[in-house]
Amino acid sequence: MLRTIRGFKDILPAEIHLWQHIEETARKIFESYGFSEIRIPIVERTDLFRRSIGEVTDIVEKEMYTFSDRHGESITLRPEGTASVVRAYIEHKLYGGPISKLYYMGPMFRYERPQKGRYRQFYQIGAEVLGEESPRLDAEILEMLMRFFSHLKLAGTTLQINSLGCRICRPGYKDELKRYLGGKRGVLCEDCLKRVEINPLRVLDCKSRGCTEATSGAPSILEHLCDECRGHFHAVLDCLQTAGVHAVTNKRMVRGLDYYTKTTFEVTAEGIGAQNTIAAGGRYDMLVRDLGGPDTPCFGFAIGMERMGLLLKEATELKKPLVFVAVFGGDDVHAAGMDVIDRLREHGVAVERDYERKGIKPQLKRANRLGARYVLILGTDELAAGTIAVKDMEAGTQEVVSLEGIEATVVKKIRT
RNA sequence: GUGGAUGUAGCUCAGGGGUUAGAGCAUCGGACUGUGGCUCCGAGGGUCGGGGGUUCGAAUCCCCUCAUCCACCCCA
């Protein structure tokens, strides 16, 4: 049998309404904060990701879908969205205008072993603000994110926040941490022994017990921030408190992408397996310049859509109410029935019908299985009387109404 | 890349060397040609994940392989 390849999946009609609901909610909330959508390519030059995400990150080292195109150029299926947004910002010189608030949604690709909440093609909704350095912006975007979750009636989420400092204060901290970890070699796990050399910060969020204990007394990044970064971090916390957004400071939290500076954060949820981060992001003040643009402070995040889907599985009926038009009788009745169907569809009503001119019973049966909310019944008698029967499939009740203006009657019914 | 679990009907699962592989749900038909859901009767549907081996005989035992799930690593 032909199948999807590993880590890829179809999203079938049974769950598509949930996805559309998430997307619509994101558009509504983000646009209320002044964001506009940007659509970025799915494929970019490999170099863009190498330079933005960082050469020694796991994503670049072993997770990218990289191919040669027909001219031998190395291209890569995007593993994340920020790099492309920044590229577009520079390429189209959006820095000439006011600050840019951009959001995007779509598939990302990483070659990883699939598990619960992780696929090789997965969907993200991301938002990026380019050109604003104020801590008030950081706080407002976090507030927007949490508002998005609460609009979706998501419970049990935790916002964890940290600061990774900047290129002035982080190197000094990194060296000090390295010295500290150097004295703990005996208890660190195998992976962490390598991390000490490559990226000592990563040792801080290792889950193995030895490492957790070894780092419990490690120097904290928050105590080594420069004045600028410390002031920024505390201002963000103050603004969040004022806005009523609950955030937990987690000085061990580290991000997997190199471009983050200052504020970083993660939103986790319970009950969805080991991959419980549903959104994450932070500030990346150097990236635009690193990629050849002007100095541009930025803040952004990405939300993992299938992980949100896991949390919203029990969501209430999101599908548009369906109306079934059951027609039976001669050609004149069917002509009148088609007219009714046309009028309903013109009014935006979702309509299903029978194509085989079956009797009323099989039609009602089909309507029931399609989950129709109402069935309009038009037979020879109704047509002769200029009426149509409206059956409520949940209540089992039925009433006869005028055929004229039926579309308005139905629209009124399904909106209440 | 590493580890563990699982692959039998559309779905959930029984069967653990011996005729023709079963159940529930779902599907289709009938009871029922002006009213769905309920009930009853009947029907269709399977390369037992794939390949190889052991055996008189394999869905069942062995080896290999593939896939899925979960976890690690890492990440949204």
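Protein chains get the first letters and strands the later ones, always in sequence-line order, with residue 1 at the start of each.
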Indicate yes or no: does A:Asp339 engage A:Arg343 in a salt bridge with an N to O separation below 4.0 Å.
-> yes

Going 5' to 3' along nucleotides 28-43 of chain B, which nucleotides have protein heavy atoms under 4.0 Å from the base (write B), which only from the sugar-phosphate (write S), and which from neither (write -)?
-> S---B-BBBB------

With Watson-Crick and G-U wobble geometry limited to distances under 3.5 Å, how should the secondary structure of RNA chain B be encoded in dot-bracket form, using | for bases paired to another strand and [ ] for crossing pairs?
-> ((((((((.[[[[.)..(...]]]].(((((.......))))).....[[[[[..)....]]]]])))))))....

Between B:A76 atom P and A:Gln115 atom CD, what is the distance in whole Å?
-> 14 Å

When all nucleic acid strands are considered with a 4.0 Å heavy-atom cut-off, which category describes A:Ala280: base, sugar-phosphate, or nothing?
-> sugar-phosphate

Report the relative orientation of the aromatic rings in A:Trp19 and A:Tyr123; use parallel for angles under 30°, tilted for 30 to 60°, perpendicular for over 60°.
-> perpendicular

Nearest-angstrom distance from the residue atom NZ of A:Lys62 to C1' of B:U2 | 11 Å

Enumerate donor-acceptor pairs with a distance under 3.5 Å from any side-chain N or O in residues 252-260 of chain A to protein atoms, sequence neighbours excluded.
{"from": "A:Arg252", "atom 1": "NE", "to": "A:Leu204", "atom 2": "O", "distance (Å)": "3.2"}
{"from": "A:Arg252", "atom 1": "NH2", "to": "A:Thr212", "atom 2": "O", "distance (Å)": "3.3"}
{"from": "A:Arg252", "atom 1": "NH2", "to": "A:Thr215", "atom 2": "OG1", "distance (Å)": "2.3"}
{"from": "A:Arg255", "atom 1": "NH2", "to": "A:Glu266", "atom 2": "OE2", "distance (Å)": "2.8"}
{"from": "A:Tyr259", "atom 1": "OH", "to": "A:Glu80", "atom 2": "OE1", "distance (Å)": "2.6"}
{"from": "A:Tyr259", "atom 1": "OH", "to": "A:Thr82", "atom 2": "OG1", "distance (Å)": "3.4"}

Within less than 4.0 Å of OP1 or OP2 of B:U68, is there a side-chain N or O belonging to A:Arg6?
-> yes

Out of B:A67, B:U2, B:A76, which has the shortest distance to the side chain of A:Arg113?
-> B:U2

Among B:C72, B:C75, B:U68, the nucleotide that comes nearest once only the side chain of A:Arg307 is considered | B:C75

Which whole-number value in Å describes the distance from A:Ile278 CD1 to B:A76 P?
-> 13 Å

Given side-chain contact (heavy atoms from CB on, under 4.5 Å), test A:Val236 with A:Lys262 step by step and report yes or no.
-> CA-CA 10 Å; A:Val236 172; A:Lys262 289 183 176 169; over 6 Å; no

note: A:Tyr119, atom OH; B:A71, atom C1'; distance rounded to Å ~ 15 Å

Please measure how far the C1' atom in B:U33 lies from the corresponding atom in B:A9, and state the result in whole Å.
-> 34 Å

Would a 4.5 Å heavy-atom cut-off, applied to side chains only, mark A:Val43 and A:Asp69 as touching?
-> no

Please measure how far the C1' atom in B:C13 lies from the corresponding atom in B:A21, and state the result in whole Å.
-> 14 Å

Sugar-phosphate only, base, or nothing, as touched by A:Gly281 at under 4.0 Å among non-hydrogen atoms = nothing

Aromatic plane relationship, A:Tyr65 with A:Phe8 - under 30° parallel, 30 to 60° tilted, over 60° perpendicular = perpendicular

Between CZ of A:Arg3 and C1' of B:G49 the distance, given in whole Å, is 10 Å

Gap between atoms CG and P, on A:Asn276 and B:C70 respectively (whole Å) | 14 Å

May I ask you to test the A:Phe122-A:Arg307 pair for a side-chain heavy-atom distance under 4.5 Å?
-> no

Taking the side chain as every heavy atom from C-beta outward, state whether A:Arg283 and A:Pro297 have any pair of such atoms under 4.5 Å apart.
-> yes

Spatial distance of atom NE2 (A:His151) from atom OG1 (A:Thr25) [nearest 0.5 Å] = 8.5 Å

